[in-house]
Number of protein chains: 2
Amino acid sequence: MSPQPNKRPGRTIRSVQIAFNIIDLLQEEAGIGVTRIADELGHSKSTVHSHLRTLEERRVIVREGDGYRLGLRFLDVASHVRDQIGNFDIVQKEVDSLAEETGEIVQFGVEEYGMVSYLHKAQGEHAVETLSRVGTQQPMYSTSLGKTILAYLPPERIEEIAAAMEYEPKTANTITGPEELFEELETIREQGYGIDDEENINGLRCVSAPVKNDETILGAISITGPSSRFTEDRLHGELADYVRSAANVIELNTKFS
Amino acid sequence: MSPQPNKRPGRTIRSVQIAFNIIDLLQEEAGIGVTRIADELGHSKSTVHSHLRTLEERRVIVREGDGYRLGLRFLDVASHVRDQIGNFDIVQKEVDSLAEETGEIVQFGVEEYGMVSYLHKAQGEHAVETLSRVGTQQPMYSTSLGKTILAYLPPERIEEIAAAMEYEPKTANTITGPEELFEELETIREQGYGIDDEENINGLRCVSAPVKNDETILGAISITGPSSRFTEDRLHGELADYVRSAANVIELNTKFS
DNA sequence: AGACTCGTTCCCCAGGCGGGAACAAATATA
DNA sequence: TATATTTGTTCCCGCCTGGGGAACGAGTCT
């Protein structure tokens, strides 16, 4: 489905794989039972049964009606994860207020596995609905968040990620190769912000600004909107200013922690 | 640690147990490595290593510095879970607005594994900090949410849950046995709301109202505050009215879905 | 009442997995 | 710089676990 950058081999444990296949399945479709899961995954019912028992005992999944769904425990896990990321509340506050102020979609992303993961998202008044969702992943080369984060990663990490990239053209404007990408990264470093000009989704443009702590990049904050409202002038002008100052606020608040 | 009501035996898979022990550990303490985890869980380093590889491949955990933390993927899982619960947005909206209006802590809980799980929580202006956290579990006998939900569950389920209960006195007022509990449930059904009079935490009182869909209980909404502000009169008066009307709004909006 | 589908249980046996130990790499100590 | 210590990684072995097949029991639908 998506490129797998850090593919290190090593031994991997089958039962755990199966368990997570079940979890993945239940994430997509709740309320299914043993038989259905067994069919879907190509395992015997008895195998799936044992797994469901284990997951149930662990309170990872819950019986509901006839079928299972993921347990609320995940909400707890998620909030722990947010805490672990550090400074989440600061990021949240700033993202929310920028969304409120501009009425557009504002997102904060960090790098994980050579992709951008959305840590927080807020939509203002006239929000365009986008498919992105907190916790999901997007390629780095086709999003302003991704390119901006990439631009400020240590050179060897950039190489590593770029080497594992598979450039899939999502629109006519998508970056299609390394040379184009490196050039873009250079531009971003020069101007201090990154642009996505309908490179990921047709009709949508974004600007992102990096959030750094000293010299290490923590993530990036972006603002997204329809090309009609997001003209080239505004992108490089006030919108870029918005994200840069928001990034700045986060940096200042996060500096001494 | 906590009572395990639905303890069905059945076969359980060891590797999966280990995997989740690791996840649990990383949830509590991020940034630890192979050796530390192996020590903590009493497994060999090689075993833990294989597991970490598996979890890393699955993007459940992420290398960070020297050590691992849980991945942002959990944020995505959590949002799926919320969607699966159904009507989360309605609940959220109502809880938020009640918290805003009253300035206190408002929570929504559902039953899971014979305990109350918090689905959403909002705190208003003068919020007392409580330990409860979205996704965490509390016993049903010592919380107003728990007792209120319990009161409206089908009789056989009440029996089942009550049978597995271990009454641990959390304060001087905690319910300590089944007869007391059943009496309380009866009172709740009569008056249409449930009270927690410093039964779970000293100095804190709550009122909860049930949220039902037809005759099945979906959960309950509660408001929590310090006993100083939450006098007996207010609890049974305006505060009870608040939660009941909020519950009503949720019921109305959720009815046709 | 019969034919279906569902979840559960039992048993078997192959190979997966946990463990120990050796290895490698990085950091600390002197 | 050499030595000692701690880290993560790899290898291999052998037990036993976990996956599969099939039988069973309980609902559910014709």
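Chain A is the first sequence line, chain B the second, and so forth, proteins listed ahead of strands; every chain is numbered from 1. Please read all numbers here as calculations on a predicted model, not as lab measurements. No hydrogens, no waters, no symmetry mates; every other heavy atom, side chains included, goes into these values.
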- Query: Looking at dG18(C), dG7(C), dT9(C), which one has an atom nearest to any side-chain atom of Arg53(A)?
  - Reply: dT9(C)
- Taking 4.0 angstrom as the limit, do Arg36(A) and Asp66(A) come out as a salt bridge? no
- Here the distance between atom P of dT7(D) and atom CD1 of Ile32(B), to the nearest Å, is 12 Å
- Respond yes when some side-chain nitrogen or oxygen of Arg11(B) is under 4.0 Å from OP1 or OP2 of dC11(C), and no when none is. no
- Query: Can you find a side-chain donor-acceptor pair between Asn21(B) and Glu40(B) that sits under 3.5 Å?
  - Reply: no
- Message: Using a 6.0 Å distance limit plus a 45 degree cone around the ring axis, check whether Arg82(A) lies over the aromatic ring of Phe88(A).
- Response: yes
- Task: May I ask you to decide whether Asp83(B) forms a salt bridge with Arg133(A), counting only side-chain N to carboxylate O separations under 4.0 Å?
- Result: yes
- Task: Report the residue (Val16(A) or Gly67(A)) whose heavy-atom-nearest nucleotide on DNA chain C is the more 5′ of the two.
- Result: Gly67(A)
- Message: Does the Lys NZ or Arg CZ of Arg59(B) fall within the cation-pi geometry relative to Tyr113(A) - under 6.0 Å from the ring centre and within 45° of the axis?
- Response: yes
- Query: Atom CD1 of Ile18(B) and atom C1' of dT17(D): how far apart are they, to the nearest Å?
  - Reply: 11 Å
- Item | Length of the CD-C1' vector between Gln17(A) and dT17(D), whole Å | 17 Å
- So which of residues 35-49 of chain B are in contact with DNA chain D, with a heavy-atom cut-off of under 4.0 Å? Thr35(B), Lys45(B), Ser46(B), His49(B)
